[in-house]
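What follows is a short report on a single structure.
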There are 2 protein chains.
Amino acid sequence: MTAEEILGQRDKQVLEAVVIDYIRTGEPVGSRTVAKKYIPDISPATIRNVMADLEELNLLYRPHTSAGRVPTSLGWRYYIDSILTINELAKRDRERIKRAYEGSPKEIQTILRATSRILSELSKQAAVVLLPKLSQTIFKRIQFVRVNQKQVLTIFIAESGIVQSFLVEMDEDISQDELNKYSRYLSESLKGLSLLEVKKRILKEMEEERILFDRLLRKAIELSKKALQVGLDETDIVIEGQTNLLNYPEFADVGQMKKLLSTFEEKTKIIKLLDKCLSSEGVHIILGSEAEFKDVQNMSLISSTYSRGGDILGALGVIGPTRMDYSRIIPLVDYTAKLLSQIFEDE
Amino acid sequence: MTAEEILGQRDKQVLEAVVIDYIRTGEPVGSRTVAKKYIPDISPATIRNVMADLEELNLLYRPHTSAGRVPTSLGWRYYIDSILTINELAKRDRERIKRAYEGSPKEIQTILRATSRILSELSKQAAVVLLPKLSQTIFKRIQFVRVNQKQVLTIFIAESGIVQSFLVEMDEDISQDELNKYSRYLSESLKGLSLLEVKKRILKEMEEERILFDRLLRKAIELSKKALQVGLDETDIVIEGQTNLLNYPEFADVGQMKKLLSTFEEKTKIIKLLDKCLSSEGVHIILGSEAEFKDVQNMSLISSTYSRGGDILGALGVIGPTRMDYSRIIPLVDYTAKLLSQIFEDE
DNA sequence: TATTAGCACTCTCGCTTAATGAGTGCTAAA
DNA sequence: TTTAGCACTCATTAAGCGAGAGTGCTAATA
């Protein structure tokens with residue numbers, strides 16, 4: 001028999017009380033506290049009985065004999081899935097987020113950085129934004145800019161307005177006028193493909209013999225091939241407000257703090273985590289204790305996806321202690337993600 | 001009478017011993033230790049007398065009565081200026097640094113990031129690199145790339161190979177062909193000026209009436225003016241290896257750690273500090289206790305400048321506990337700065 | 001006169017012990 | 001089924017104590 005079937009109204013009430021108080025104080029909650037602050041019409045003794053049941057169901061546990069109860073990861077999960085009701089984000093927060101985007105230039109890096117910043121600011125935790133996968137973006141234009149005899153700056157412009165540039169080393173000197181010709185030629189012939197397709201196409205064309213005779217085409221292809229060699233698959237993230245987390249008592253210990261910081265230093269893990277959220281739209285909640293964050297057990301991630309024209313571009317989220325105010329953070333992440341999608345839509 | 005006049009050979013020996021041992025252990029050093037490990041032909045009692053003198057001169061102090069001695073900031077300064085002898089950087093370190101630059105593309109951001117990384121790695125401390133001031137760089141070419149109806153990507157290319165791009169919002173749609181014309185025109189007429197001069201020139205030209213009749217000129221000027229409005233004076237830095245510092249016992253305390261991290265978070269202070277080094281070439285050493293780093297007293301900065309053709313471009317350095325191995329870090333910073341300058345020279 | 005040995009003194013650090021108090025589980029009564 | 005009462009557990013804190021490191025001072029020595 002699962003918790004789902006067996007939990008009565010009062011059990012839920014008690015579990016919720018424990019969770020809420022634990023979120024507030026960070027300390028184990030005792031029966032007396034629950035009775036007094038949350039369910040005054042029931043005595044502590046009764047609460048204790050209920051708590052014992054919940055402990056048996058592995059929803060609560062005690063750090064030690066004479067301490068209060070703390071939610072287990074199963075407890076958190078149950079609370080999030082079956083008890084928590086999510087309200088709309090407060091109006092002033094919504095306004096605040098909107099304002100964060102005003103005035104700033106429309107450069108994608110800047111927008112996403114602003115997103116990360118406002119998320120961390122409002123959540124008072126760490127925020128993370130996964131940048132759109134380059135290989136997925138739809139190609140719109142390419143432009144070559146001569147830097148000096150040996151170097152050419154290659155700029156990809158995506159339909160979504162994402163601009164990405166790479167510096168490419170060249171064997172021979174090519175004039176800017178000629179580079180402009182390449183740009184025009186390639187932009188015309190590759191428009192509408194994803195960057196991944198662009199790469200495939202270029203490699204294929206290089207194999208075919210006919211380009212041997214078309215000097216213009218050959219040079220252009222060669223150049224863009226070099227540019228595309230540079231990390232197309234790499235995904236990048238923006239992290240902001242890591243130091244916010246240091247104020248939480250769960251990290252008020254040198255060892256924990258170091259672990260926390262080294263987790264953030266190794267971005268790949270966080271990228272992987274966010275990658276998982278990309279598979280489906282909407283808010284995802286990953287609890288550290290549910291095995292994903294092996295290093296920092298008491299952390300969790302609330303994330304959502306942002307998209308443009310139905311296609312998921314990337315993900316964003318808030319990372320904080322498992323003991324966080326889900327009723328506030330979930331709407332925050334949700335709203336921000338939707339607003340961000342809308343901004344991309346408008347472009 | 002200053003320390004300079006009064007310190008005899010032996011006083012220096014003792015001061016040096018205290019400094020060196022303190023660098024190694026991080027603990028106050030007692031007379032016994034000095035006698036045993038560093039100056040075996042003198043008894044602890046004598047050392048104690050010397051130490052008492054040094055304490056009177058404010059070169060050493062005692063954390064508490066029964067502890068050993070620790071250098072004061074004056075002590076550090078004296079050690080650095082008058083006692084320390086600097087050897088050449090070990091060959092394997094030199095090779096290691098050289099290798100760090102191999103293979104990577106010649107993009108300036110990448111180079112500087114690699115610099116920061118290798119510095120932090122070899123010093124096992126935090127490394128910081130101040131990017132060249134944009135306003136000082138010599139203009140070489142400008143290029144405009146149409147992103148969409150409203151946005152134009154403006155790319156400045158400097159003589160030094162620095163590439164910087166800004167996204168600019170436009171009122172009207174301009175075709176790429178036309179943008180190319182602007183690029184050619186402006187690149188021709190502004191070549192060789194510093195970006196600061198470029199900006200001045202553009203503002204001046206806008207005032208003059210004649211441009212009213214030259215449509216091409218007017219548009220081009222307008223566009224670049226907008227691009228130049230964006231942070232020309234802002235200086236950016238690259239910081240790497242902050243977490244290295246967390247391993248030092250001086251930061252093995254939650255309060256210190258938080259202070260340390262928030263210092264790094266507020267980059268402006270570090271920028272100001274490095275700015276000071278720009279005024280003259282060579283290695284500078286700033287001790288935290290000498291008032292600059294107000295927040296983190298026990299930290300210091302060793303920095304040097306890198307340049308191209310005699311002009312100082314930027315600065316780089318290592319930030320670590322005041323108790324660091326100056327005899328190793330100074331040559332490290334020095335060598336790296338020189339090598340970096342050479343790389344720019346070669347371009 | 002400069003150096004050194006000897007010794008009493010100070011202060012930190014780590015350990016043990018005891019007191020406190022929060023919270024529990026169980027039993028018996030309502 | 002709920003609740004009051006009570007004995008019990010265990011973390012946390014404060015206090016006390018001894019050991020050890022290091023000093024400054026004095027007197028003896030080279």
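Proteins come first, then strands; the chains are lettered A, B, ... in the order of their sequence lines, and each starts at number 1. Worth saying up front: this structure is predicted, and the values here are computed from it rather than measured.
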When rounded to whole Å, the CD1 to C1' distance for the pair B:Ile42 and C:dA5 reads 16 Å
Whole-Å distance, B:Arg69 CZ to C:dT10 C1', equals 14 Å
message = Once you apply a heavy-atom cut-off of 4.0 Å, does A:Arg32 come out as touching a base, just sugar-phosphate, or nothing?
response = nothing
**OP:** Report yes or no: does A:Thr72 contribute a side-chain atom to a donor-acceptor pair with the main-chain N or O of A:Leu59 at less than 3.5 Å?
**Re:** yes
Test side chain to side chain contact (heavy atoms under 4.5 Å, CB included), reference A:Ile97, set A:Leu119, A:Thr115, A:Leu122, output is A:Leu122
note: B:Asp11, atom CG; C:dT3, atom P; distance rounded to Å ~ 10 Å
Atom pairs under 3.5 Å: protein N/O with N/O of nucleotides 17-22 of chain C:
none

| field | Steps toward side chain to side chain contact (heavy atoms under 4.5 Å, CB included) verdict (B:Met299, B:Phe251) | value | CA-CA 10 Å; B:Met299 278 173 59; B:Phe251 304 113; 3.6 Å; yes
DNA chain D: first to last nucleotide in contact with chain A (atom under 4.0 angstrom from a heavy atom), 5' to 3', is D:dT2 to D:dA11
Item to check | Full working for side chain to side chain donor-acceptor pair (under 3.5 Å) between A:Thr243 and B:Glu265 | outcome: CA-CA 8 Å; A:Thr243 44; B:Glu265 198 145 90; 2.6 Å; yes
Identify every side-chain donor-acceptor pair in residues 15-30 of chain B under 3.5 Å, counting partners at least two apart or on other chains, and give the distances.
from: B:Asp21; atom 1: OD1; to: B:Lys37; atom 2: NZ; distance (Å): 3.0
from: B:Asp21; atom 1: OD1; to: B:Tyr38; atom 2: OH; distance (Å): 2.6
from: B:Thr25; atom 1: OG1; to: B:Asp21; atom 2: O; distance (Å): 3.0
from: B:Thr25; atom 1: OG1; to: B:Glu27; atom 2: N; distance (Å): 3.1
from: B:Thr25; atom 1: OG1; to: B:Glu27; atom 2: O; distance (Å): 3.4

Subject >> B:Thr46 side chain vs B:Ile42 backbone, donor-acceptor pair below 3.5 Å >> reply: no
Residue pair A:Ala45/A:Pro28 against DNA chain C: nearer the 5' end by closest nucleotide is A:Pro28
Test side chain to side chain donor-acceptor pair (under 3.5 Å), reference A:Ser31, set A:Lys36, A:Arg48, A:Arg69, output is A:Arg48
message: Please evaluate residues A:Gln256 and A:Asn298 with respect to the criterion side chain to side chain contact (heavy atoms under 4.5 Å, CB included), reporting the C-alpha separation (whole Å), side-chain torsions for both, the decisive distance (0.1 Å), and the verdict.
response: CA-CA 10 Å; A:Gln256 284 294 320; A:Asn298 44 7; 4.0 Å; yes
Please determine whether a side-chain nitrogen or oxygen atom of B:Thr46 lies at a distance below 4.0 Å from atom OP1 or OP2 of C:dT3.
no
Can you find a side chain N or O atom of B:Thr65 that sits less than 4.0 Å from OP1 or OP2 on C:dT10? no
